[in-house]
Enquirer: 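Dropping a structure here in structure tokens format, bear with me for questions.
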There are 2 protein chains.
Amino acid sequence: MAAKGLTKDKILMQAVAYIEDTGQPTISLHELARRLGIKTPSLYNHIANTKELQYEIFRYAIEKFVANQQAATKGKTKDDAVKAFAEAYYSFATQNKGLYRLIMSIPSEHDERAKEMAVPLLNTVIDILSDYGLSEENIAHWQRVLRAILHGFISQEDLGYFYYYGSMDLSKSREIAIQCFLDGLHTELKKTIH
Amino acid sequence: MAAKGLTKDKILMQAVAYIEDTGQPTISLHELARRLGIKTPSLYNHIANTKELQYEIFRYAIEKFVANQQAATKGKTKDDAVKAFAEAYYSFATQNKGLYRLIMSIPSEHDERAKEMAVPLLNTVIDILSDYGLSEENIAHWQRVLRAILHGFISQEDLGYFYYYGSMDLSKSREIAIQCFLDGLHTELKKTIH
DNA sequence: TTGGCAAACTAACACTATTAGTTTTAAAAT
DNA sequence: ATTTTAAAACTAATAGTGTTAGTTTGCCAA
């Protein structure tokens, strides 16, 4: 009963499909095997363990996210690029909830492998901020600030922490948040140039 | 073998102790029972299920967090209050990693009970921002912005997403993030007042 | 002293991941 | 064409989650 033509890649794609469909960041091996028409332990002929599969999905998610961001900011600079980036970031996170949740649950502080995979994700923001003529050090700082705003917003919206006054005008809040970032950055730039 | 004097409260405290010690947001019923000197199913004489226990711990965590924030901002206003709040928020989250992780993993969008428990947590920020003379609507927006920055920062630091250039100067980044919020807010206030 | 009830227990089930050992089958080697 | 071999499926079993059902224990109050 060998060889149904199953490959690691087909397993990965099935897992991704589930995550994209359900919005959950994980899939059990049982459910995954069921969808592939095999028994659970047979998966171990193709993958080492769940952690490895998670890494594969993680890599896929990162690549998709990065490609999305690059497409969204291509040809744009400064504030326009920041706004487009923020828009793309939010759209991706809400439209690919499962993948985004996975991205934001995998790398733990001491997992060098996951951190390395995530590097391209950091570079997208750094690229954008390099238009402003900030020092290397300041780019590192402001990259964190922008990332904090975007993730903090999405994460808490997802958790239900932004329900105050109903779910009042989340898009207006997002707009204000980005404008806040830009105003803060402009204030910093004025100080530095002077 | 009835009556070891075990109560729901003692179970809660043991669970909290574990979470505070380990930094993990959860404890297995097996481990919890082991620490209490009973067998796992005996826990069900005191709690309905894990979810209920989570709620209890959640309530405890919220109360502790809120008390901490109120103490830190007492007597302070405007920028001073914001800075003190941000400081306290960060300290709590890093020194009570397990409880903070729990707070930021429990309420899912459709869990009204958890959302209700979390209300005091939202009010602390709203109190602070009400010093600025913003409209109700703007307070709701800016409260989200501040919360987004704080949580986004801590969450990603915890996940290892801020390791860029080593773990360069995280405290400087935090300072810049808060200053960014204040500058953004001041810009908004100038616009409004005209 | 004797019920009765709260609170412990044991035994079992369902669902997770995982390992060991076995069989099947497709493709490569004779 | 047949044999061999190795990948890829399988079954059976273990350990760790939470949980339920049914049983025993022991304290306290009638």
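Just so it is clear: chains get the letters A, B, ... in the order the sequence lines come, proteins before strands, and each one is counted from 1.
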Enquirer: Can you tell me how far P of C:dA11 sits from NZ of B:K39, to the nearest Å?
Expert: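 Going from B:K39 (NZ) to C:dA11 (P), I get 10 Å.
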Enquirer: Taking atom types as modelled and ignoring hydrogens, do the side chains of B:Y100 and B:Y89 form a donor-acceptor contact shorter than 3.5 angstrom?
Expert: yes
Enquirer: Whole angstrom is fine here: how far is it from CD1 in A:I27 over to C1' in C:dC15?
Expert: 15 Å
Enquirer: Round to the nearest Å and state the distance from A:Y44 atom OH to D:dT11 atom P.
Expert: 16 Å
Enquirer: Has A:S28 got a side-chain N or O lying under 4.0 Å from the OP1 or OP2 atom of C:dT16?
Expert: yes
Enquirer: What's the CD1-C1' distance between B:I38 and C:dC9, to the nearest Å?
Expert: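 It works out to 11 Å between those atoms.
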Enquirer: Examine B:R147 relative to A:Y161 and say whether NZ or CZ is less than 6.0 Å from the centre of the six-membered ring and inside a 45° cone about the ring axis.
Expert: no
Enquirer: Whole-Å distance between C:dC9 P and B:L36 CG?
Expert: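 Distance check: B:L36 CG to C:dC9 P gives 11 Å.
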Enquirer: Please report, rounded to the nearest Å, how far the P atom of D:dT19 is from the CG atom of B:L29.
Expert: 6 Å
Enquirer: CG of A:L6 versus C1' of D:dC10: gap in Å, rounded?
Expert: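 One finds 14 Å between C1' of D:dC10 and CG of A:L6, rounded.
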Enquirer: Below 4.0 angstrom from OP1 or OP2 of C:dC9, is there any side-chain N or O of B:S42?
Expert: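 It does, given that an N or O in the side chain of B:S42 lies less than 4.0 Å from OP1 or OP2 of C:dC9.
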Enquirer: Pick the nucleotide of DNA chain C nearest each of A:P41 and A:H30; which residue has the one closer to the 5' end?
Expert: A:H30
Enquirer: Using the salt bridge (charged side-chain N to carboxylate O under 4.0 Å, His left out) rule, take B:E116 and B:R113 through it: C-alpha gap first, then chi angles, then the decisive distance, then the call.
Expert: CA-CA 5 Å; B:E116 208 165 312; B:R113 188 170 158 203; over 6 Å; no
Enquirer: Could you check, using the six-membered ring where one of them is a Trp, whether A:F162 and A:F153 have ring centers closer than 6.0 angstrom?
Expert: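 Yes, close enough.
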Enquirer: Considering only heavy atoms and no angle criterion, is a donor-acceptor pair shorter than 3.5 Å present between the side chain of A:N45 and the base of D:dA7?
Expert: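 Side chain to base: no pair below 3.5 Å.
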Enquirer: List for me each residue that meets side-chain hydrogen bond (donor to acceptor under 3.5 Å, both in side chains) alongside A:Q24, sequence neighbours excluded, and say none if there are none.
Expert: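 Testing A:Q24 for side-chain hydrogen bond (donor to acceptor under 3.5 Å, both in side chains), a comparison that skips the adjacent residues, returns A:Y18.
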Enquirer: By the side chain to side chain donor-acceptor pair (under 3.5 Å) test, which pairs, at least two apart or in different chains, include something from residues 43-55 of chain A?
Expert: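 The answer is A:K8-A:E52, A:Y55-A:D111.
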Enquirer: Send over the distance from A:K8 NZ to D:dA7 P, rounded to a whole Å.
Expert: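 Atom-to-atom, A:K8 to D:dA7, this comes out as 15 Å.
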Enquirer: Between A:K83 and A:E87, is there a salt bridge with N-O shorter than 4.0 Å?
Expert: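 No, no charged N to carboxylate O under 4.0 Å.
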Enquirer: For DNA chain C, determine which residues of residues 46-59 of chain A have any heavy atom closer than 4.0 angstrom to one of its atoms, and list them numerically.
Expert: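 DNA chain C contact set from residues 46-59 of chain A: A:N49, A:T50.
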